[in-house]
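Working notes, structure below.
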Amino acid sequence: MTRLATQTGVDRELAVELGSIVGESAVIVDPDRLLVYESDGLTQYRHPPAAVVLPRSTEEVSRVLSLLYRRGQHYVPRGSGTGLSGGALPVGRGVIVGTARMNRILEVDPANRRARVEPGVVNAHLTRATLLHGLIYAPDPSSQSACSLGGNVAENSGGPHCLKYGVTSRYVTGLTVVLPDGEVTEFGGMARGDEMLDLVGLFVGSEGCFGIATEIEVALIPRPGGVRTLLGIFRSIEEAGRAVSDIMGRGMLPAALEIVDAETIRAVEESVFAAGYPVDAGAALVVEFDGMEDGLEEEIEAAARCCERAGAREIRRARDGSERARLWQGRKKAFGAMGRLAPDLLVQDATVPRTALPGVLARISEIGRRYDVLVANVFHAGDGNLHPNLLFDRRDAEELGRIEAASREIMNVCIEAGGTITGEHGVGFDKRQYMPLVCSPDVLAAMGRVKAAFDPAGLCNPGKVLPDEYLAGGAGEA
């Protein structure tokens, strides 16, 4: 009798059949190994899978999904597991179909500024490969050293530089997709020309609910000729916010404007990621311009003057790539350092108008004090994308209740300020309860019908994005 036949929580025959497709070693059924997959980067929610299957090719994904479809077994696509909305949770003990082994860069085409990759390629690895040709892949989530392109496509990921360069959807030009019943199809791509329907645009950001992208064609851009970076140190987050408003109000377009608050600074500086930020600072602002060398110096000097007018107590300028990485480290490693503050964190991802930032941040601080919740703020200040990190210990039921109540209030504050519930992390499992606050019943019903068109059996990533009444079956009745 095989290992799969004796150690699995799913139907034994199904586990053995999965092993016959991908190899027995690529089907994980051991309970201890499955613990790795019970949550994504949002550790508040934990749902252990029944099994994990790790295909290596489009053909294997197709055969796996065909088998699961025939068996009526629901499943969840998963990339690197760095998501922050619970989007890759196997709610109801589904099977996880992981793409980590599909990690080849299939082609780099410098002449057409394109690349083709498999979904398990790590974001930063793509730019490392394209730099040899003087090109980069622009979207750069803070987790880019670990997150994969398949997950970026699913969530329509952004990153610090999306202020200037835009999010993932701007760069995905073609997809090979395995639909929920196992059918393989292609959307867009250079070889296919124009299509009447923008199916690429529809699929990007669908949060793993429409199928699995197994090949991704992306546009590349030239590496910027020059970069200028400064770090402004402020006594308060309000001062840093005023600097951002001044910079943007003067018509400048930085590549990035990123703020970290006092709690985050202290967490980073007490960790192995210490970046040399002063631990008594109220906030730090990273400002970066890139592009042609001509004019960059004038732009960074103008931004420095904005910081000075807002009350910056110190301004640091990067003189080379090493210093630039150092200035960025406090921002890039912020999430990794949060474990020093508490064993769990809930990351919110609301986006508000830039002009509303000071008032919203003040209300978030007040909510944290009222609920006795530690809130550490990290955010893309240039486009108003807030990431309040609520720190807690999920083993404390009373504290967990306060966290959930505070999170709801924060989300409502952002919506009341003219914002929305997610800027880049997705809706996933965490925020679907808020969808009726930003979408009308007619819009939600239309979304449900689109989901049903791709996945009429409702097997692909159930329990995500839409409230239950708008999912398969409910969508047609809404």
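Fair warning: this is a prediction, and the values are worked out from it, not measured in the lab. Here, residue 1 is the first one in the sequence, and each next residue gets the next number.
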Decide yes or no on side-chain contact (heavy atoms from CB on, under 4.5 Å) for Asn389 and Val378, but give the supporting numbers first. CA-CA 8 Å; Asn389 299 282; Val378 179; 3.9 Å; yes
Yes or no on side-chain contact (heavy atoms from CB on, under 4.5 Å) for Leu444 and Met435, after CA distance, side-chain angles and deciding distance? CA-CA 8 Å; Leu444 292 171; Met435 286 290 279; 4.0 Å; yes
Is there a side-chain contact (heavy atoms from CB on, under 4.5 Å) between Leu257 and Leu285? Walk through the geometry before answering. CA-CA 7 Å; Leu257 281 171; Leu285 169 65; 4.2 Å; yes
Any chance you could lay out the salt bridge (Lys or Arg N to Asp or Glu O under 4.0 Å) test for Glu288 and Arg228, step after step, and finish with the verdict? CA-CA 6 Å; Glu288 185 161 282; Arg228 298 290 187 278; over 6 Å; no
Dump the intermediate steps for side chain to side chain donor-acceptor pair (under 3.5 Å) on Ser157 and Glu424, then the final yes or no. CA-CA 5 Å; Ser157 301; Glu424 59 178 345; over 6 Å; no
Carefully, step by step, assess Lys431 and Gln348 under the rule side-chain contact (heavy atoms from CB on, under 4.5 Å). CA-CA 9 Å; Lys431 301 186 187 74; Gln348 284 299 1; 3.4 Å; yes
For Glu17 and Arg12: C-alpha separation, side-chain torsions, deciding distance, then whether salt bridge (Lys or Arg N to Asp or Glu O under 4.0 Å) applies. CA-CA 9 Å; Glu17 285 190 71; Arg12 292 179 178 179; over 6 Å; no
Passes side chain to side chain donor-acceptor pair (under 3.5 Å), Ser85 versus Asp430? Steps please. CA-CA 5 Å; Ser85 64; Asp430 179 49; over 6 Å; no
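A salt bridge links Glu215 with Arg116; the closest basic N to acidic carboxylate O contact falls under 4.0 Å. Using a cut-off of 4.0 Å between Lys/Arg side-chain N and Asp/Glu carboxylate O, Glu399 and Arg394 are scored as not salt-bridged. Salt bridge status for Asp344 with Arg46: present, with a side-chain N to carboxylate O gap under 4.0 Å. Look at Arg266 and Asp261 and you find no salt bridge, because none of the NZ, NE, NH1 or NH2 atoms lies under 4.0 Å from a carboxylate O.
Of the possible donor and acceptor atoms, one in the side chain of Asn461 sits under 3.5 Å from a partner among the backbone N and O of Gly87. Without hydrogens or angle criteria, His74 side chain to Val91 main chain gives a donor-acceptor distance under 3.5 Å. No side-chain donor-acceptor contact under 3.5 Å links Lys464 to the backbone of Phe429. At distances below 3.5 Å, not a single donor-acceptor pair connects side-chain atoms of Ser39 with backbone N or O atoms of Thr43. Proximity of a side-chain donor or acceptor of Asp109 to a complementary backbone N or O of Arg114 within less than 3.5 Å is not detected. Looking only at distances, no side-chain donor or acceptor of Thr127 sits under 3.5 Å from a matching main-chain atom of Ala124. Side-chain N or O atoms of Asp455 include none that pairs as donor or acceptor with a backbone N or O of Pro180 at under 3.5 Å. For the pair Arg101 (side chain) and Leu54 (backbone), a donor-acceptor distance under 3.5 Å is present. Here the side chain of Glu207 pairs a donor or acceptor atom with the backbone of Val427 at under 3.5 angstrom. Put simply, the side chain of Ser271 gets close to the backbone of Phe273: a donor and an acceptor are under 3.5 Å apart.
Partner of Thr185 under the side-chain contact (heavy atoms from CB on, under 4.5 Å) criterion, chosen from Thr176, Leu179, Val178: Leu179.
Nearest heavy-atom pair, Trp328 versus Tyr277, reported as atom, atom and distance to 0.1 Å: C-OH, 4.4 Å. Annotation for Ile136 and Thr130: closest pair CA-OG1, 3.6 Å, computed over non-hydrogen atoms. The shortest heavy-atom contact between Val167 and Cys162 is CG1-CB, 4.0 Å. Nearest heavy-atom pair, Leu390 versus Ser407, reported as atom, atom and distance to 0.1 Å: CD2-N, 3.9 Å. When every heavy atom of Val268 is checked against every heavy atom of Ala275, the shortest pair comes out as CG1-N, 4.3 Å. Across Val375 and Pro388, no two heavy atoms sit closer than the pair CG1-CB, 4.0 Å.
How far CG of Asn156 is from OG of Ser206: 10.0 Å, rounded to the nearest 0.5 Å. Here OG1 of Thr420 is found 9.0 Å from CE of Met411. Values are rounded to the nearest 0.5 Å. One finds the NE2 atom of His425 at 9.5 Å from the OG1 atom of Thr351 (value rounded to the nearest 0.5 Å). To the nearest 0.5 Å, the span separating CZ on Arg170 from OH on Tyr165 amounts to 10.5 Å. From Tyr470, atom OH reaches atom CZ of Arg449 across 11.0 Å, with rounding to the nearest 0.5 Å. In this structure, Thr214 OG1 and Glu118 CD are separated by 8.0 Å, a value rounded to the nearest 0.5 Å.
Proximity of Asn123 to Asn152: side-chain heavy atoms (C-beta onward) are separated by under 4.5 Å at one or more points. In this structure, Tyr137 and Thr168 have side chains that are in contact, with non-hydrogen atoms separated by less than 4.5 Å. Put simply, the side chain of Ile221 does not reach to within 4.5 Å of the side chain of Leu135, judged on heavy atoms. Within the 4.5 Å cutoff, side-chain heavy atoms of His380 are placed close to those of Glu258. Side-chain contact between Asp290 and Lys164 is present, with at least one heavy-atom pair separated by less than 4.5 Å. Here the side chains of Asn377 and Thr264 are not in contact, with every heavy-atom distance at 4.5 Å or above. Within the 4.5 Å cutoff, the side chain of Leu18 has heavy atoms near those of the Val64 side chain. Pro77 places none of its side-chain heavy atoms less than 4.5 Å from the side chain of Thr99.
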